[in-house]
Undergrad: 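Once you've had a glance at the structure underneath, I'll fire off some questions.
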Amino acid sequence: MPTPYDIIVIGGGHAGCEAALAASRMGMRTCLVTMNLPTIGQMSCNPAVGGLAKGQLVKEIDALGGEMGRVTDLAMVHFRMLNRSKGPAVWSPRAQCDRNLYAHTMRIALESQKNLDLKQNMATEIVTCGGKVSEVVCVTGQRFECRAAIVCPGTFLNARIFTGEFSQPAGRIGEAPALGLSESLLRHDFSLARLKTGTPPRLDGRTIDYSRCEMQPGDARIVSFSKRTHNIIERQLDCHLTYSNPRTHDVLRSGLSRSPLYGGVIKGVGPRYCPSIEDKIVRFADKDRHQLFLEPEGWHTFEIYINGFASSLPEEIQFEALRTIQGLEHVEMMRPGYAVEYDFFPSHQIHSSLETKPVERLFFAGQINGTTGYEEAAAQGIIAGINAVKKIKGEQPLILRRDQAYIGVLIDDLITKTPVEPYRMFTSRAEYRLLLRQDNADIRLTDIGRSLGLVSDAQHELHIAKKQLLKDVKEFLANTSLESIPYEGILSDRSLMGVRFAALLKRPEIKLADLVATQPELAPIHRITEDEDLAASVEMDVKYEGYIIREHERAERMRTLDDYRLPEVIDYKSIAAISFEGREKLNRFRPQTLGQAGRIDGVSPADCSALLIYLKKLKKE
């Protein structure tokens, strides 16, 4: 007899963990089915969370009531705020984590969660009734009856790993692939394709001469990813930087003929922004060297992750090349790098709620939608979990706008772009990045998380207090004037006497921390500089007030197009005024709004105008 649940989550990676936690916390009886319980929350590649735009995603997940940020804080071994040389609008937090501690902490969170069961099995079939998902069947014959299902298989669908001429079916080294599920989905009229990713070798840190590498210490001041974190680590592990060289590249070139990537064995497209080392030396042949970061895997291991050296070349080529690198002349390789090729389902087959178009109440999250990275997967996971609950309750889905969250940018890009490579989030993808800063993610999204029942009383109280403090400090700066002129420095000009501090802060050369530290009039707000997020929020809101207002106005104009709903049934091929490519793309993606239609690659502004005229004529008829 099938075991009844409200929601079944397939896969225990970062998307699956967030989906299962969100659904169960919203009161649904949830079951997470994964092939191997000990690898729940496993960091398959780099044991790091955050980075450019990815750090913003993690903070948004936390603001909505997700778990990734809190677990990262607890497993952190090294922290840096990236992009500090640029404006705070694009600052991005990044943490190196203890790989085993991260997975262990996430496992505890799942096992401690009310309404959530964990089962070890391999899901192989999606069963429907009346076009809606009704059951999930596993390889052993175990059946789970459900009202909704969320598929988060990571890189395991019909996956195969490659190192030189060697290959074997596997989703991760030493772990079997997920078989049967792709074929089941194909029977429900889905289409699939293949993508490729890779990971570098792991090194024995005891055999590295760190004195010949550049030390990369963590930041003295750590900014937590989660508002629920109270104890930040006091000690950090150092990372190190070294470089490849012409000798390294010569060795790597000698193995290209045996590369599955260049030999045509791998058909899937890899991530453009995280290429393998062999891809780098071919695409950037004019470069004499490439950066390589030596990053520790945890507190209690000597294993080192060499960031920038992903490879699927033969094992002996990888080893020989490593030993040409400064500091690695005597290095021992704990395991070689490898590539993974796997099935994914192009994301024109999902709605902006992450519900699939062919099967109602079936949701996809993570690499199955063509993304890469833990953060992108977790962001989709929490949204899929929320919307699966809302679907069951008959409520409207949570759709975050592009001006509201990086999560909104991510999902909107997925459903309006044709995936040709694994999707990775960058700040440059967000046209409203001045609004979507890492320091204000809680301001933007905590109220939404609270309304869903995902944000605790304590977290919500902190949010309310921060909003009030921000308001009070900005009003104080707007109403307080410079009354004492120092003898030297940027404020020594006597013509500034009586100028409000908010006006002074708008000058690019003036920083809030400098003002608070030197001006006695600002003594009442001195304590805010102890909170880097709070100080950044105040400074950005005041300094760029005019630009922020303009971005809000531009977003409001675009919102008009996103509020214009398109009919679910419309024959785009019959609209002759739309270009042939536009008709083909509109018919394929089936956008839900006019704004989405305009963001589809190949749909021009003229096509949107023609579509709008057609719809107005249709209404008159």
Undergrad: Does the ring centre of Phe426 sit less than 6.0 Å away from the ring centre of Tyr406?
TA: no
Undergrad: Between Arg433 and Gln56, do the side chains contain a donor N or O and an acceptor N or O under 3.5 Å apart?
TA: no
Undergrad: Rounded to the nearest 0.5 Å, what's the gap from CD on Gln96 to CE on Met76? Could you check?
TA: 11.0 Å
Undergrad: Donor-acceptor check, side chain of Ser347 to backbone of Leu414, threshold 3.5 angstrom: yes or no?
TA: yes
Undergrad: How would you list, by chain and number, every residue that makes a side-chain hydrogen bond (donor to acceptor under 3.5 Å, both in side chains) with Thr301, sequence neighbours excluded?
TA: none
Undergrad: Distance only, no hydrogens: is a donor on one side chain within 3.5 Å (strictly under) of an acceptor on the other, for Asp343 and Ser182?
TA: yes
Undergrad: Look only at the side chain of Lys280 and the backbone of Phe309, and say whether a donor-acceptor pair between them is shorter than 3.5 Å.
TA: no
Undergrad: Which distance, rounded to the nearest 0.5 Å, do you find between the CG of Leu322 and the OG1 of Thr242?
TA: 10.5 Å
Undergrad: Can you tell me if Asp413 uses its side chain to pair, donor with acceptor, with the backbone of Arg429 under 3.5 Å?
TA: no
Undergrad: Counting only heavy atoms not in Glu315 (residues, nucleotides, ligands), do more than 12 fall under 6.0 Å from its CD?
TA: no
Undergrad: Just wondering, do Ile304 and Glu297 contact through their side chains at under 4.5 Å, heavy atoms?
TA: no
Undergrad: Any side-chain donor-acceptor pair under 3.5 Å between Ser226 and Asp73?
TA: no
Undergrad: Should Asp219 and Arg221 count as an ion pair when the cut-off is N to O under 4.0 Å?
TA: no
Undergrad: Tell me whether Arg228 is salt-bridged to Glu67, with the criterion being a basic N under 4.0 Å from an acidic carboxylate O.
TA: yes
Undergrad: side-chain hydrogen bond (donor to acceptor under 3.5 Å, both in side chains) with Asp98: which residues, sequence neighbours excluded?
TA: none
Undergrad: Less than 3.5 Å apart, any donor N or O on the side chain of Gln216 or Asp238 sitting next to an acceptor on the other?
TA: no
Undergrad: Any Lys/Arg nitrogen of Arg70 or Asp62 sitting under 4.0 Å from an Asp/Glu carboxylate oxygen of the other?
TA: no
Undergrad: With sequence neighbours excluded, tell me which residues meet side-chain hydrogen bond (donor to acceptor under 3.5 Å, both in side chains) with Thr124.
TA: none
Undergrad: Within 45 degrees of the axis of the six-membered ring of Trp91 and under 6.0 Å from its centre: does Arg84 put its NZ or CZ there?
TA: yes
Undergrad: Does any part of the side chain of His290, heavy atoms only, come nearer than 4.5 Å to the side chain of Phe284, both counted from C-beta?
TA: yes
Undergrad: Is atom OH of Tyr210 surrounded by more than 12 heavy atoms (other residues, nucleotides or ligands) closer than 6.0 Å?
TA: yes
Undergrad: Could you list the residues that satisfy salt bridge (Lys or Arg N to Asp or Glu O under 4.0 Å) with Arg212, not counting sequence neighbours?
TA: Glu329
Undergrad: Any donor-acceptor pair under 3.5 Å linking the side chain of Glu375 with the backbone of Gly50?
TA: yes
Undergrad: Does the side chain of Thr324 pick up a donor-acceptor pair with the side chain of Thr248 at under 3.5 Å?
TA: yes
Undergrad: Is it true that Gln438 and Ser92 share a donor-acceptor pair across their side chains at a distance under 3.5 Å?
TA: no
Undergrad: Rounded to the nearest 0.5 Å, what separation is found between the CD atom of Glu165 and the CG atom of Leu313?
TA: 10.0 Å
Undergrad: Under a 4.0 Å threshold between the charged nitrogen and the carboxylate oxygen, would Arg424 count as salt-bridged to Glu376?
TA: no
Undergrad: Any chance OH of Tyr243 has more than 12 other-residue heavy atoms, nucleotides or ligands included, within less than 6.0 Å?
TA: yes
Undergrad: I need the Ser224 OG to Phe79 CZ distance, nearest 0.5 Å.
TA: 8.5 Å
Undergrad: Under the salt bridge (Lys or Arg N to Asp or Glu O under 4.0 Å) criterion, do Glu584 and Arg588 qualify, and how do the steps go?
TA: CA-CA 6 Å; Glu584 189 273 331; Arg588 182 184 185 194; 5.2 Å; no
Undergrad: Checking Leu294 against Cys213 for the side chain to side chain contact (heavy atoms under 4.5 Å, CB included) test, could you report, in this order, the C-alpha distance in whole Å, the side-chain angles of both residues, the deciding distance, and whether it holds?
TA: CA-CA 9 Å; Leu294 305 175; Cys213 305; 3.9 Å; yes
Undergrad: Is the backbone N or O of Asn46 less than 3.5 Å from a side-chain atom of Tyr374, with the two atoms forming a donor-acceptor pair by type?
TA: yes
Undergrad: Output yes when a side-chain donor or acceptor of Asn369 lies under 3.5 Å from a complementary backbone atom of Thr371, and no otherwise.
TA: no
Undergrad: Between Arg323 and Glu332, does a salt bridge (Lys or Arg N to Asp or Glu O under 4.0 Å) hold up when you go through it step by step?
TA: CA-CA 9 Å; Arg323 287 203 162 189; Glu332 291 295 336; 3.0 Å; yes
Undergrad: Do NZ/NE/NH1/NH2 and the carboxylate oxygens of Glu295 and Arg94 come within less than 4.0 Å?
TA: yes
Undergrad: For the atom pair NE2 (His240) and CD (Glu214), what is the distance rounded to the nearest 0.5 Å?
TA: 10.0 Å
Undergrad: If only atom types and distance count, is the side chain of Ser276 paired as donor or acceptor with the main-chain N or O of Asp279 below 3.5 Å?
TA: yes
Undergrad: Evaluate the side-chain proximity of Leu32 to Thr34: yes if any heavy-atom separation is below 4.5 Å, no if none is.
TA: yes
Undergrad: Where does the angle between the aromatic ring planes of Phe345 and Phe190 fall among parallel (under 30°), tilted (30 to 60°) and perpendicular (over 60°)?
TA: perpendicular
Undergrad: With sequence neighbours excluded, what pairs up with Glu341 under the salt bridge (Lys or Arg N to Asp or Glu O under 4.0 Å) test?
TA: Arg194
Undergrad: Could Arg258 and Glu316 be called an ion pair, given the rule that one side-chain N must be under 4.0 Å from one carboxylate O?
TA: yes
Undergrad: Return the set of residues passing side-chain hydrogen bond (donor to acceptor under 3.5 Å, both in side chains) with Gln326 (not counting sequence neighbours), or none when no residue passes.
TA: none
Undergrad: Is a side-chain donor-acceptor pair under 3.5 Å present for Arg247 with Ser244?
TA: no
Undergrad: Should Pro336 and Phe319 count as side-chain neighbours, where that means a heavy-atom distance under 4.5 Å?
TA: no
Undergrad: May I ask you to decide if Gly337's main-chain N or O and Gln318's side chain share a donor-acceptor pair within less than 3.5 Å?
TA: yes
Undergrad: Would Asn158 and Tyr342 count as having a side-chain donor-acceptor pair, cut-off 3.5 Å?
TA: no
